[in-house]
S.K.: 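Right, I'll just put the structure down here and ask away after.
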Amino acid sequence: MTEQVAQYVRPDVAEFLGFLNGQEGPPMQELGAETARAMIVGLGQAADAPRGDIAKVEEIMIPGPGGDLRLRVYDNRPDREAGPVMVFYHGGGWVICDLDTHDAYCAEAARQLDIPVVSVDYRRAPEHVFPAAHDDAEAAARWVADHFPCTGLVLAGDSAGGNMAITTALALRDKPASKPVLAINPIYPVVTRNGDWQSFRDFAEGYLLSVDGMTWFNSLYAADPADRRASPLDFPAEGLPPTLLVTAGLDALRDQGRAYAAKLVTAGVPTVYREAAGTVHGYICLARGVPSAKDDIDGGLAALKALIAEVAK
């Protein structure tokens, strides 16, 4: 076991964590899924920035493997010609979070990237266990490729959604959609069920996402650790599209994200790796509670915009 070392924590992150950890009450995993969902919505309302002005936000329903799927489309220039489109999968351990918790980030991505963003409302556990969310993620990407005016897909997502960006790209690598996957952008993704990481020990509790919380998520979604969709780190990555992989410095998932970036490089995948030092898992939804998160969001989107421009020539 590696000895724990002191970690850099930004002042606004320390203040936010101090407030959060000072709240009384049981942890999320003791509350049940419905109460945990309500709690995360409340946190988002307090800690995230508002959506801001954007020309178009529209919800549509599409057929999915388990019934209709809801998509939310963001576009700051709705009269554009066909070009790249982002398909976004929100995080939340396949249990909590929804279109609304990631509304502000998706709008910001549409504005800064100057492309449409399609956010996917996939099925969640415990009502729908593995592989329901993954099936919905792939189905949504294929639907966008077939029916949305676009030249290619950018698959993105955070945490559980980062996992689905990767695994959907793997599925479309092996059985291509009608439009190519131009790039992927996993943000602090889940890439393995193996918990033997120093970052798991360093950030087991007190840093927003706890190891006990992750164990609870995993028990509800009940993914098969031998399945590629649960543990893409354990399977070949050759042939994946150019990737911008982002981690957070104070995140239990940090080290597995670093390992997956290294795996991509070894597999010959053009890879850009960024780490938001001194901040926590979930920062893309904390732009008000952690003001410095805005710089991380802006930097990540600037890097993604450059990557899209390179691959969409």
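Just so you know, these numbers come straight off a predicted model, no measurement behind them.
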S.K.: Between Ile308, Val144, Val117, which is the residue that forms a side-chain contact (heavy atoms from CB on, under 4.5 Å) with Met86?
M.R.: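 In the set Ile308, Val144, Val117, the residue that makes a side-chain contact (heavy atoms from CB on, under 4.5 Å) with Met86 is Val117.
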
S.K.: Would you indicate whether Asp53, at its atom CG, is surrounded by more than 12 heavy atoms from other residues, nucleotides or ligands within a distance under 6.0 Å?
M.R.: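 No - once you tally the heavy atoms of other residues, nucleotides and ligands closer than 6.0 Å, there are 12 at most.
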
S.K.: Could you give the distance from SG (Cys150) to CG (Leu182), rounded to the nearest 0.5 Å?
M.R.: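 Separation between the atoms: 8.5 Å.
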
S.K.: Rounded to the nearest 0.5 Å, how far does CZ of Phe88 lie from SG of Cys106?
M.R.: 5.0 Å

S.K.: Using a 3.5 Å distance criterion without hydrogens, assess whether the side chain of Asp158 forms a donor-acceptor pair with backbone atoms of Gly91.
M.R.: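 Looks like yes, one N/O pair under 3.5 Å.
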
S.K.: Any side-chain heavy atom of Val13 sitting closer than 4.5 Å to one from Leu250?
M.R.: yes

S.K.: With a 4.5 Å heavy-atom cut-off, do Lys179 and Thr151 have their side chains touching?
M.R.: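 No, their side chains stay 4.5 Å or more apart.
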
S.K.: Show every donor-acceptor pair shorter than 3.5 Å between a side-chain atom in residues 18-27 and any protein atom, with sequence neighbours excluded, or say none if there are none.
M.R.:
{"residue": "Asn21", "atom": "ND2", "partner": "Leu17", "partner atom": "O", "Å": "3.1"}
{"residue": "Asn21", "atom": "ND2", "partner": "Gly206", "partner atom": "O", "Å": "3.1"}
{"residue": "Gln23", "atom": "NE2", "partner": "Phe19", "partner atom": "O", "Å": "3.0"}

S.K.: Please list every donor-acceptor pair under 3.5 Å in which a side-chain atom of residues 260-272 meets a protein atom from a residue at least two apart or in another chain.
M.R.:
{"residue": "Lys263", "atom": "NZ", "partner": "Leu233", "partner atom": "O", "Å": "3.2"}
{"residue": "Lys263", "atom": "NZ", "partner": "Phe235", "partner atom": "O", "Å": "3.3"}
{"residue": "Thr266", "atom": "OG1", "partner": "Ala262", "partner atom": "O", "Å": "3.0"}
{"residue": "Thr271", "atom": "OG1", "partner": "Val269", "partner atom": "O", "Å": "2.7"}

S.K.: Donor-acceptor pair, distance only, cut-off 3.5 Å: does the side chain of Asp255 make one with the backbone of Ser199?
M.R.: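 Yes, Asp255 side chain to Ser199 backbone: donor-acceptor pair under 3.5 Å.
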
S.K.: Against Val181, only a single residue in Val311, Thr168, Leu155 fulfils side-chain contact (heavy atoms from CB on, under 4.5 Å); can you say which?
M.R.: Leu155

S.K.: Kindly indicate whether the side chain of Glu310, heavy atoms from C-beta on, has any atom under 4.5 Å from the side chain of Pro242.
M.R.: no

S.K.: Can you tell me if Glu205 has over 12 outside heavy atoms packed within less than 6.0 Å of its CD?
M.R.: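 Check fails, neighbour count at 12 or below.
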
S.K.: Check the hydrophobic clustering (I, L, V, M, F, W, Y; side-chain heavy atoms under 4.5 Å; chains of links allowed) and say if Leu209 and Val191 are grouped together.
M.R.: yes

S.K.: So do Glu275 and Arg254 actually touch side chain to side chain, heavy atoms under 4.5 Å?
M.R.: yes

S.K.: Is the shortest heavy-atom distance from the side chain of Leu99 to the side chain of Asp103 under 4.5 Å?
M.R.: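 No, every pair of side-chain atoms sits at 4.5 Å or beyond.
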
S.K.: May I ask whether Val73 and Val57 are part of the same hydrophobic cluster, defined by side-chain heavy atoms of I, L, V, M, F, W, Y residues being less than 4.5 angstrom apart, directly or through others?
M.R.: no

S.K.: Test of understanding: with ring pair (Phe, Tyr, Trp, His ring centres under 6.0 Å), list the residues that count as partners of Tyr74, not counting sequence neighbours.
M.R.: none

S.K.: Just by modelled atom types, is the Asp98 backbone N or O under 3.5 Å from a matching donor or acceptor in the Thr101 side chain?
M.R.: yes

S.K.: With a 4.5 Å heavy-atom cut-off, do Phe148 and Val118 have their side chains touching?
M.R.: yes

S.K.: Donor-acceptor check, side chain of Lys56 to backbone of Arg77, threshold 3.5 angstrom: yes or no?
M.R.: no

S.K.: Is there a salt bridge (charged side-chain N to carboxylate O under 4.0 Å, His left out) between Asp75 and Arg80 once you walk through the steps?
M.R.: CA-CA 9 Å; Asp75 198 345; Arg80 73 177 70 247; 2.7 Å; yes

S.K.: By ring pair (Phe, Tyr, Trp, His ring centres under 6.0 Å), which residues pair with Tyr221, not counting sequence neighbours?
M.R.: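 Result, ring pair (Phe, Tyr, Trp, His ring centres under 6.0 Å) vs Tyr221: Trp94, Phe130, His134.
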
S.K.: What is the distance from atom OG of Ser292 to atom CZ of Arg10, rounded to the nearest 0.5 Å?
M.R.: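 Spacing of OG (Ser292) from CZ (Arg10) equals 4.0 Å.
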
S.K.: Under the ring pair (Phe, Tyr, Trp, His ring centres under 6.0 Å) rule, what do Tyr122 and His128 come out as? Steps first, then yes or no, please.
M.R.: CA-CA 10 Å; Tyr122 55 84; His128 304 282; over 10 Å; no

S.K.: Compare every heavy atom of Ala177 with every heavy atom of Leu172, then report the nearest pair and how far apart it is.
M.R.: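 Looks like CD2-CB, 3.8 Å.
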
S.K.: Would you please say whether a donor-acceptor pair under 3.5 Å links the side chains of Ser159 and His281?
M.R.: yes

S.K.: Using only atom types and a distance under 3.5 Å, with no angle test, would you say the side chain of Thr247 pairs donor to acceptor with the backbone of Arg258?
M.R.: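 Answer holds: no.
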
S.K.: Within the distance-only criterion (no hydrogens, no angle test), does the side chain of Arg72 pair as donor or acceptor with the backbone N or O of Ile60 below 3.5 angstrom?
M.R.: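 Between the backbone of Ile60 and the side chain of Arg72 there is no qualifying donor-acceptor contact (under 3.5 Å).
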
S.K.: Has Glu81 got more than 12 heavy atoms of other residues, nucleotides or ligands less than 6.0 Å from its CD?
M.R.: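 No - once you tally the heavy atoms of other residues, nucleotides and ligands closer than 6.0 Å, there are 12 at most.
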
S.K.: Are the side chain of Arg274 and the backbone N or O of Ala303 linked by a donor-acceptor pair below 3.5 Å?
M.R.: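 No, because the side chain of Arg274 does not come within donor-acceptor range (under 3.5 Å) of the backbone of Ala303.
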
S.K.: With sequence neighbours excluded, tell me which residues meet ring pair (Phe, Tyr, Trp, His ring centres under 6.0 Å) with Tyr283.
M.R.: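 By the ring pair (Phe, Tyr, Trp, His ring centres under 6.0 Å) rule, Tyr283 matches Tyr188.
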
S.K.: How many angstroms lie between atom CZ of Phe16 and atom CZ of Arg288, to the nearest 0.5 angstrom?
M.R.: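 That separation rounds to 12.0 Å.
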
S.K.: Locate the shortest heavy-atom distance separating Ile96 from His90; write the atom from each residue and the value.
M.R.: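 In terms of heavy atoms, the two residues are closest at O-CE1, 4.0 Å.
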
S.K.: Measuring only between side-chain heavy atoms, which start at C-beta, is Ile166 closer than 4.5 Å to Ile184?
M.R.: yes

S.K.: Rounded to the nearest 0.5 Å, what separation is found between the CZ atom of Arg124 and the CZ atom of Phe217?
M.R.: 11.0 Å

S.K.: Rounded at 0.5 Å granularity, tell me how far CG in Leu286 sits from CG in Leu43.
M.R.: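 One gets 6.5 Å once the value is rounded to the nearest 0.5 Å.
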
S.K.: Ignoring hydrogens and angles, tell me if any N or O in the side chain of Thr279 forms a donor-acceptor pair with the backbone of Ala276 under 3.5 Å.
M.R.: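 The answer is no, because no donor-acceptor pair under 3.5 Å joins these two groups.
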
S.K.: I'd like to know if the side chain of Asn76 reaches the main chain of Ala55, judged simply by a donor and an acceptor atom lying under 3.5 Å from each other, with no hydrogens or angles considered.
M.R.: yes

S.K.: Suppose the criterion is side chain to side chain donor-acceptor pair (under 3.5 Å): which pairs have a residue in residues 232-245, not counting sequence neighbours?
M.R.: none

S.K.: Return yes if some donor-acceptor pair links the side-chain N/O of Arg229 with the main-chain N/O of Asn163 below 3.5 Å, else return no.
M.R.: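 Such a contact is absent between Arg229 side chain and Asn163 backbone.
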
